[in-house]
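Below: the structure, in structure tokens.
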Protein chains: 4
Amino acid sequence: MAARPTKKPAAPGRTASRSVGRGGADLRRRLLDAARRQLVQHGYVHLTMRRVAARVGVTATAIYLHFKDKDDLIHALIDEGMEALQLALEASDERAAPPRARLEGLCRAMIEFGVSNPEYYEIMFLLHPQRMSRYPTDKYRRARHNLERFADAVDPFVKKGDPLMATHALWCLLHGIISLRLAGRLDSSLDPDEFTDEAVTRGLRMLGA
Amino acid sequence: MAARPTKKPAAPGRTASRSVGRGGADLRRRLLDAARRQLVQHGYVHLTMRRVAARVGVTATAIYLHFKDKDDLIHALIDEGMEALQLALEASDERAAPPRARLEGLCRAMIEFGVSNPEYYEIMFLLHPQRMSRYPTDKYRRARHNLERFADAVDPFVKKGDPLMATHALWCLLHGIISLRLAGRLDSSLDPDEFTDEAVTRGLRMLGA
Amino acid sequence: MAARPTKKPAAPGRTASRSVGRGGADLRRRLLDAARRQLVQHGYVHLTMRRVAARVGVTATAIYLHFKDKDDLIHALIDEGMEALQLALEASDERAAPPRARLEGLCRAMIEFGVSNPEYYEIMFLLHPQRMSRYPTDKYRRARHNLERFADAVDPFVKKGDPLMATHALWCLLHGIISLRLAGRLDSSLDPDEFTDEAVTRGLRMLGA
Amino acid sequence: MAARPTKKPAAPGRTASRSVGRGGADLRRRLLDAARRQLVQHGYVHLTMRRVAARVGVTATAIYLHFKDKDDLIHALIDEGMEALQLALEASDERAAPPRARLEGLCRAMIEFGVSNPEYYEIMFLLHPQRMSRYPTDKYRRARHNLERFADAVDPFVKKGDPLMATHALWCLLHGIISLRLAGRLDSSLDPDEFTDEAVTRGLRMLGA
DNA sequence: CATGAATGAGCTTTCATTCAT
DNA sequence: CATGAATGAAAGCTCATTCAT
């Protein structure tokens, strides 16, 4: 029933979502939400099936009605994350704006996403793919899509040299900012927001803007 | 290198004694090496005492002769890593060189270190401190020391603005480059070395060099 | 008896269901019984979850479905014991009988209980409370209740002096008798029953009866 | 006090016992002392070889030079305890005193011993013999000797009935008093010393005194 | 007389997962 | 659609004990 179609297309979130009455219904949704919360609170390792289930108010067994196994659950989470990021970037991508403003907006949106969705960011970019039983690589395509949006915005600035490389460099900077902030590894004397401002400015300069 | 001599002052690696059974007094070294390897292969959680011991050819109990507990083992690893990085940076820090060359050298050394010591890099910068039982914060001082070296090299380039922030921005870029490479999340069409070159160049430009 | 119905209200022991594998819902009961037996055989420390489980024919893990942890299991045992003793004393407390007969009956019942329920007696009175992770003190209230029954029966005999002290003295005698018998520390040339008779008689005389 | 000869008569531990300088010498003595202290602090179970050794400042291995195994150590402790009790009773046994005073003195000495040597008392009378690998029963002979002293003192009071039984009854009372006190199971509203007085008085009355 | 290094058995506990209902 | 009962594997750790030195 709707609630996040098992795999592909249309509806984001929950579509019709009529029955939320109390028990049954979109359990899948609630499981994912609980899992996401656990993820950020206790980290990947301590995301246990039992706890997720308990938080939602069902038995651990119930999870297996909706997900093949723990990895499947994580994969679904990654999917969601990818989609969420895509939406976030799309929403703040002002194609009509002047190139510099557009790119700056995208950068800020990216950082904003990472910082305010640490759970997603973690599984999307921090989890070593080798360490979770094979996340189907085609799923990463959506990730590439996001990168392409950046490439598109970066393009106007790159006169000489490979635009792809330039994009990647920017991407690295953004990733560095986000992940160090998430890990609490940024000097505590730095004001996070102020630093973000400066880092983005420098990021643009890096591209020659 | 880096070794971290605790008992045997002399030879780092494993001396001559190739012994495995009793008598292998350099067991500590071998345990650390095995643990480091496990860490990068399976991650923090799945670095198990049993596996580490087995890989070295001893019982799990034997580990406890050299390390108080799992955390102690990890901490020792971090210590080693910190020292190794410090040495690596020190070795390639040509203070006498022109500012630009010096900074570029440091950046390259940093990336080189991260890429060729994934085990160390991971525990040093990717592990959430909250998630491993408190690593004595004073140990992080060495980390700050490394950052300060960068700050020192960055200084000449920053005419206006906070040099600390500039340094951190560069640090973020470097961290992004390393961690994405380690996670295999960099576009496969990119030549790693070439990209490193370009990224470093852009990094310098970011600072106004 | 005493049973401690938690799930199945009816039959104590093990009902009809002799089942061992799945389905044996009275596993809790069987675990408690096994634990009790282990306790008297090997003592508190060597009462291991593994052994208890094995004796019953399940995995150690299964215990944790019924008891939070080892202490929880022990506590449940104490509870049962307290209840059993209370019932035993109540059953043989003939309030209507002449004071001497009543008190004598209680003494005999107490000894009888201790001697024929060594497992219970041990955890109830021989275990140092400091040495088992805090048994909720309110649970000891039932113990006091038993003592009060004795105090009530002792009262008529104590003309002068503190009845509480007299009761405790009697209690000490009874405890001494039971625990030395349980530990096999009573001279083997003594006939246990005969000795009990005499000791009780002397106990009453101790009170002035 | 001779240091407790290893087994039988002649040479006590170290013979001349000259060197107590610092390290070596009467290690055996110090081990026993440490063990006894551990016993009372952490209980029988947590009396570990390692801890005992550490407390004394030697390796666990060193213990095995002086004791066959853990049981042997405990046995030695029991021996000491028996001897200590014997000495304590002997010291306070005023054979010349009037019967009542003599017996009362013995009772008090016994209680005093138990209460102030909980470590000894525990292993001597509270440890189930079945649970420690066979303590040579002949060692218990010394225990019997102590009992006989009581029997001797009790004798004058027993006009009718078996004096042995009477003695045992008294013994039970004393044991009850001591063990309940040690276990902290005596009503906290009772003043220990006062109670001891009363209990002893009643104990004598129990014998007809 | 004593150590340092190591073992092997065992402990409690937790986890993902399954199966019958 | 969901549960309750159970499993098997594994984890971190501790203990008594031994052996070579």
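Note on naming: letters A, B, ... go to the chains in the order of the sequence lines (proteins, then strands), and numbering restarts at 1 for each one.
What separates CD of B:Gln38 from C1' of F:dG12 is a distance of 15 Å, to the nearest Å. Rounded to a whole Å, the CG atom of C:Leu65 is 17 Å from the P atom of E:dT18. Whole-Å rounding puts the C:Asp26 CG to F:dG4 C1' distance at 14 Å. Across the protein-nucleic acid pair, C:Met49 atom CE and F:dT14 atom P stand 19 Å apart, rounded to whole Å. If you measure from atom NE2 of B:His46 to atom P of F:dG12, you get 11 Å, rounded to the nearest angstrom. The CG atom of B:Leu73 sits 12 Å away from the C1' atom of F:dG12 (whole-angstrom rounding). Atom pair A:Ile63:CD1 and E:dC15:P shows a separation of 12 Å (rounding to whole Å applied). Between the C1' atom of F:dA6 and the OH atom of A:Tyr64 lies a distance of 14 Å, rounded to the nearest Å.
Rounding to the nearest 0.5 Å places CZ of B:Arg37 at 12.5 Å from NE2 of B:His42. Atom CG of A:Asp79 and atom CD1 of A:Ile74 lie 12.0 Å apart (nearest 0.5 Å).
Of the side-chain N and O atoms in B:Thr48, one or more sit less than 4.0 angstrom from OP1 or OP2 of F:dA11. A sub-4.0 Å separation between OP1 or OP2 of E:dG4 and a side-chain N or O of B:His66 is absent. One finds a side-chain N or O of C:Arg50 lying less than 4.0 angstrom from the OP1 or OP2 phosphate oxygen of E:dC11.
In terms of heavy atoms, C:Ala76 sits closest to C:Phe67 at CB-CE2, 3.8 Å. Across every non-hydrogen atom of C:Glu119 and C:Leu39, the tightest pair is O-CD2, 3.7 Å. Of all heavy-atom pairs spanning C:His66 and C:Arg28, the tightest one is O-NH1, 3.5 Å.
For B:Thr61 and E:dG8, a side-chain-to-base donor-acceptor distance below 3.5 Å is present, hydrogens and geometry of angles not being considered.
Among the protein residues, A:Leu47 comes within range of the sugar-phosphate backbone only, with heavy atoms under 4.0 Å from sugar or phosphate atoms but none that close to a base.
In the set E:dT7, E:dT17, F:dT3, E:dT7 carries the atom at the smallest distance from any side-chain atom of B:Thr59. Of the candidates E:dT17, F:dT3, F:dC13, the closest approach to any side-chain atom of A:Lys70 belongs to E:dT17.
Under the side-chain hydrogen bond (donor to acceptor under 3.5 Å, both in side chains) criterion, A:Asp33 pairs with A:Arg29, A:Arg36, not counting sequence neighbours. In this structure A:Ala60 satisfies the side chain to side chain contact (heavy atoms under 4.5 Å, CB included) test together with A:Arg50, A:Ala53, sequence neighbours excluded.
For D:Val58 and C:Arg51, each mapped to the nucleotide of DNA chain E holding its nearest heavy atom, the one lying further toward the 5' end belongs to D:Val58.
Fit an axis to the five pairs at each end of the helix from E:dA2-F:dT21 to E:dT21-F:dA2 and the two axes sit 30° apart, to the nearest 10 degrees.
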